[in-house]
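Here's the structure we're looking at; comments come further down.
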Amino acid sequence: MSSSNNFKYLYGPVHSWRLGNSLGVDLLSQKEKKCNFDCAYCQIGKTVEYCTDRQVFVDTEKILNEIRNIKNKNIDYITLSGRGEPTLAKNLGEVISGIKNLRKEKIAVITNSTLLNDESVKNDLSLSDVVMAKFDACNDDVLKKINNPPSNINFKDILNGLYSFRKIFKGLLKIQVMFTCDNVSLYKEMVPLVEHINPDEVEVNTPLRPSDTKPLDKNKIKEIKKYFMVLEEKKIKVVSVYDKEREKINVVTDRNILIRRGKEV
Ligand code: SF4
């Protein structure tokens, strides 16, 4: 590959406050976002049509070919996310195994947690080192307001999926709670639910990247984090999006690709 701009399915690395230097892999790579959520704060815009069935969007070999051409050594994680929900990609497990054969970096997957009751999704995710799972709601009304799923996705299934996945997953499970004006008043109700899931870490987040949703200010996030700190007694680490100043690093793919995928540099 002659130029870094030839990458079609890789983007970054971007500096992530959660993972350090993270090289992104987009298993979906379609013009339209492929997701079964329509989050109010989504950086890549509205979901035009829900995608609910797992399918292969990009051949595994095409992705692995690009992975073979990475020259950059300054990468902490290879992160599977992209334009939508990566667990919708039926070849998720195959891609993770393929990357592990080629690279030494740890693999993270960012998921919206909707498919964790599906055995094949659980098995695929179990091959990764870190799973970062979205959990923004404490009931169906809040789920509707923030994540706006289709009618066959409900709060209870998401909670049960996370709980059962935790039981089998040997890697690091990080729960990410995005706080906005739609769920901020309910933050105390989130704490026992997170305790029930029993992740390794919970991230108190608010949308700092460009979207239609206004982020909560530092003081509010500090207050929420303080309340969540009770979880540290249960060995659940608590971090917040404002904990670390964001750094800029060199990228291997061009800036337009990052912008298209809703990533800031
Ligand atoms: S789950 Fe992610 S990609 Fe899907 S709508 Fe929400 S923020 Fe956007």
Side-chain angles (χ1 to χ4, degrees), residues 9 11-12 14 16-19 22 24-55 57-58 79-90 92 108-118 121 124-125 128 130-138 140-155 157-159 161-162 165 173-184 190 197 202-216 241 257-264:
Y9 312 112
Y11 54 94
V14 288
S16 144
W17 65 280
R18 298 165 288 192
L19 297 171
S22 160
V25 180
D26 186 353
L27 296 181
L28 308 158
S29 292
Q30 305 296 303
K31 196 162 164 254
E32 298 296 346
K33 170 171 65 167
K34 294 291 172 192
C35 199
N36 51 3
F37 263 0
D38 182 21
C39 301
Y41 56 78
C42 186
Q43 306 154 48
I44 44 180
K46 259 204 97 42
T47 305
V48 176
E49 194 182 347
Y50 291 118
C51 176
T52 50
D53 294 326
R54 296 193 87 197
Q55 53 194 283
F57 298 95
V58 184
T79 305
L80 279 58
S81 63
R83 288 183 62 80
E85 170 51 32
T87 61
L88 284 167
K90 215 173 175 175
L92 172 67
V109 184
I110 299 178
T111 176
N112 66 13
S113 314
T114 50
L115 299 178
L116 293 177
N117 288 309
D118 180 322
V121 172
D124 288 353
L125 285 175
S128 67
V130 177
V131 171
M132 301 170 66
K134 185 185 296 302
F135 185 61
D136 299 339
C138 53
D140 279 315
D141 288 343
V142 179
L143 184 75
K144 177 86 192 138
K145 253 191 186 164
I146 298 193
N147 307 119
N148 192 23
S151 57
N152 61 341
I153 293 178
N154 63 61
F155 166 73
D157 286 347
I158 292 173
L159 181 64
L162 281 163
F165 179 64
L173 177 64
K174 300 182 182 218
I175 296 289
Q176 180 188 345
V177 188
M178 193 68 95
F179 284 103
T180 70
C181 59
D182 287 324
N183 61 352
V184 64
M190 296 299 289
I197 296 165
V202 58
E203 301 170 351
V204 177
N205 208 336
T206 193
L208 293 184
R209 285 181 173 152
S211 78
D212 292 340
T213 306
K214 232 177 126 209
L216 303 181
V241 66
I257 295 176
L258 296 174
I259 291 168
R260 220 166 52 228
R261 289 184 165 91
K263 312 287 170 193
E264 249 187 316

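In listed order, ligands and their atoms are each counted from 1.
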(request) Output the list of atoms in ligand 1 that are nearer than 4.0 Å to some heavy atom of Asn112, sorted by atom number. (result) 1 (S)

(request) Identify the heavy atoms of Gly84 and Ile44 that sit nearest to each other, and give their distance. (result) N-CD1, 3.7 Å

(request) Please find out if atom 8 (Fe) of ligand 1 and some N, O or S atom of Cys39 are separated by less than 2.8 Å. (result) no

(message) I'd like to know if Asp124 and Arg54 make a salt bridge, using a cut-off of under 4.0 Å between side-chain N and carboxylate O.
(response) yes

(request) Consider ligand 1: state whether an atom of it lies below 4.0 angstrom from any non-hydrogen atom of Glu85. (result) no

(request) Scan Ile110, Leu80, Thr111 and name whichever one has a side chain to side chain contact (heavy atoms under 4.5 Å, CB included) with Val131. (result) Thr111

(request) Check Asn112 against Glu85 and note the closest heavy-atom contact, atom names and distance. (result) N-OE1, 2.7 Å

(message) Side chain, backbone, both or neither: which applies to Arg83 and ligand 1 if a contact is any heavy-atom pair less than 4.0 Å apart?
(response) neither

(message) Would you say Asp182 and Tyr41 are linked by a side-chain donor-acceptor pair, where the criterion is simply a distance under 3.5 Å?
(response) no

(request) Inspect the surroundings of CG in Asp212 and state if more than 12 heavy atoms from other residues, nucleotides or ligands are less than 6.0 Å away. (result) no

(message) Distance under 4.0 Å to a non-hydrogen atom of Cys35: what atoms of ligand 1 satisfy this?
(response) 1 (S), 3 (S), 4 (Fe), 5 (S)

(message) Heavy atoms only, cut-off 4.0 Å: how does Lys134 contact ligand 1, side chain, backbone, both, or neither?
(response) side chain

(request) Measure from atom 4 (Fe) of ligand 1 to each N, O or S atom of Cys42 and report whether any distance is below 2.8 Å. (result) no

